[in-house]
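In listed order, ligands and their atoms are each counted from 1. When a residue number appears, it is its place in the shown sequence, counting from 1.
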Amino acid sequence: MNYKHIFAQAIDRLHEEGRYRVFIDILRNKGAFPNARCFHGHNGPKPITVWCSNDYLSMGQHPKVVAAMEEALHDVGAGSGGTRNIGGNTHYHVDLEAELADLHGKEGALIFTSGYVSNEATLATLTKLLPGCIIFSDELNHASMIAGIRNSGCEKRIFRHNDVEHLRELLAAEDPDAPKLIAFESVYSMDGDIAPIAEFCDLADEFNALTYLDEVHAVGMYGARGGGISERDDVAHRLTIIEGTLGKAFGVMGGYIAADQMIIDVIRSYAPGFIFTTSLSPVLVAGVLASVRHLKQSSEEREGQQAAAAKLKQMMRDAGLPVMPSVTHIVPLMVGDPVKAKRISDILLAEYGAYVQPINYPTVPRGTERLRFTPGPTHDDAMMRDLVNALVEIWDRLELRKAA
Ligand SMILES: Cc1ncc(COP(=O)(O)O)c(C=O)c1O
């Protein structure tokens, strides 16, 4: 067996398809985001503007967040020192879970080391406890939900993206007495569309199903207190479990679920991905606490971000660029080819100092490769103008078809 040869062939396949991933080496400039320094392909750092960060509201650099983390570091040191059960249950963790439960109007919350782990651990564990459970999953659900569903060992049914009628058909076809769970996201982060949450909850009521909503790309950003689309649409109380990340709009790291106390107790007690791992550093948790508390009472960041996204979409449309019909803060520009998407991204970075990562399969379906821009409250008009002018020049240079 020639192991090296097999691994080399696997990597070669990625190169051939144009979707070998190159990580761009950067340092963000604290207090000056989206300005950063890039170490990629140059002798020494070069100034760039970041257009693809999921720190949507720049909370990772907010003075309150940074100060809270500094204070925690000096007060209790760097790490938690254990799992939640064995020495790693700090007072910061307890406070943050109370804050997150309150954010979503639920009895309890549970923090994980990432959003990925929270999805995988919760979906796999909860449904394993329900013999014969059938999971109904949106076809565009995130890889972490798919991993959890797979690891649950349950039967699954995939419904067409955001398709209420298809979900109804699939639910109606099953034994009315079988336990059921419907798993979906609120904001789909590659297209920027939103699930019909209330209609899915109606179906859950009708067919006696549990609901699991991933609000990773919405928490902090939608709703009067940052409780996500479920807060904005006043449906949080209808959902069994709301899941979110602490690493995107909240700007730090970690993931969580919010639900009834019984469900929190079950996941806390049975999920290996929660139990057998060191808890998040109290320094990180202190930063998240400051961020969640700030965004509960400040809408300035949310409003600034929505305004920037609307403006950039309009500028791209006016310039004839193929911006996709997103109804959210996500600004995706369709390219439809992995090699071209990478080429545009390379030119933007090397010649214009604009950093946007190309998005390829399997993150999006083949043939829909794209550039995904996430303008935030600190991207100003001049930055947007420079970006759109650069894109128009590159589109012309590479003879890419413009939108009608
Ligand atoms: C929809 C969705 N869910 C979950 C995750 C995982 O969250 P995290 O980055 O906190 O692991 C992501 C992440 O990137 C995501 O897009």
Side-chain angles (χ1 to χ4, degrees), residues 21 23 50 52-57 59-60 65 96-97 100 103-104 109-124 126 135 137-151 158 161-162 182-195 197 200 211-222 226 228-230 239 241-258 267 271 273-274 277-281 284-285 287-288 291-292 326 328-332 356-365 368 370 372-374:
R21 290 171 184 218
F23 300 156
V50 179
C52 55
S53 174
N54 281 339
D55 184 359
Y56 294 123
L57 305 177
M59 290 306 290
V65 175
L96 179 59
E97 286 174 347
L100 292 168
L103 178 65
H104 296 292
L110 196 66
I111 312 169
F112 298 78
T113 47
S114 72
Y116 187 104
V117 175
S118 59
N119 273 337
E120 194 284 326
T122 306
L123 282 167
L126 192 72
I135 303 177
S137 174
D138 188 287
E139 66 178 334
L140 293 189
N141 275 344
H142 188 257
S144 53
M145 296 168 87
I146 295 169
I149 293 167
R150 190 172 298 133
N151 291 345
I158 309 296
H161 178 52
N162 283 349
I182 306 170
F184 57 107
E185 301 177 23
S186 57
V187 172
Y188 283 83
S189 74
M190 293 301 150
D191 296 274
D193 56 342
I194 295 179
I197 303 177
F200 286 166
T211 48
Y212 184 97
L213 177 64
D214 174 319
E215 286 250 49
V216 158
H217 292 276
V219 290
M221 306 179 60
Y222 294 86
I229 300 290
S230 56
L239 293 151
I241 299 176
I242 295 174
E243 183 270 345
T245 185
L246 306 171
K248 299 189 196 291
F250 292 128
V252 189
M253 188 182 179
Y256 68 94
I257 56 166
I267 302 303
F274 174 80
T277 189
T278 302
S279 66
L280 275 182
S281 157
L284 298 175
V285 180
V288 177
S291 183
V292 172
S326 154
T328 61
H329 58 282
I330 311 284
V331 184
V356 63
Q357 196 70 27
I359 310 285
N360 292 337
Y361 176 84
T363 308
V364 294
T368 70
R370 65 198 68 173
R372 173 183 177 273
F373 299 86
T374 51

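- Between H329 and Y222, the ring planes lie tilted relative to each other; the angle falls in the 30° to 60° range.
- Side-chain contact annotation: H161 with D193, donor-acceptor N/O pair under 3.5 Å present.
- Residues meeting the side-chain contact (heavy atoms from CB on, under 4.5 Å) test with S144, sequence neighbours left out: Y116, N119, H142.
- Within the 3.5 Å criterion, the main-chain N or O of I257 finds no donor-acceptor partner in the side chain of S118.
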Quick check on ligand 1: any N or O pairs to the protein under 3.5 Å? One line per pair.
| unit_1 | atom_1 | unit_2 | atom_2 | d |
| --- | --- | --- | --- | --- |
| ligand 1 | 3 (N) | D214 | OD2 | 2.7 |
| ligand 1 | 10 (O) | G115 | N | 2.8 |
| ligand 1 | 10 (O) | T245 | OG1 | 2.6 |
| ligand 1 | 11 (O) | G115 | N | 3.2 |
| ligand 1 | 11 (O) | Y116 | N | 2.9 |
| ligand 1 | 14 (O) | K248 | NZ | 2.7 |
| ligand 1 | 16 (O) | H217 | NE2 | 2.6 |

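- A donor atom on one side chain and an acceptor atom on the other are not found under 3.5 Å apart for T122 and E243.
- Here the side chains of M145 and I135 are not in contact, with every heavy-atom distance at 4.5 Å or above.
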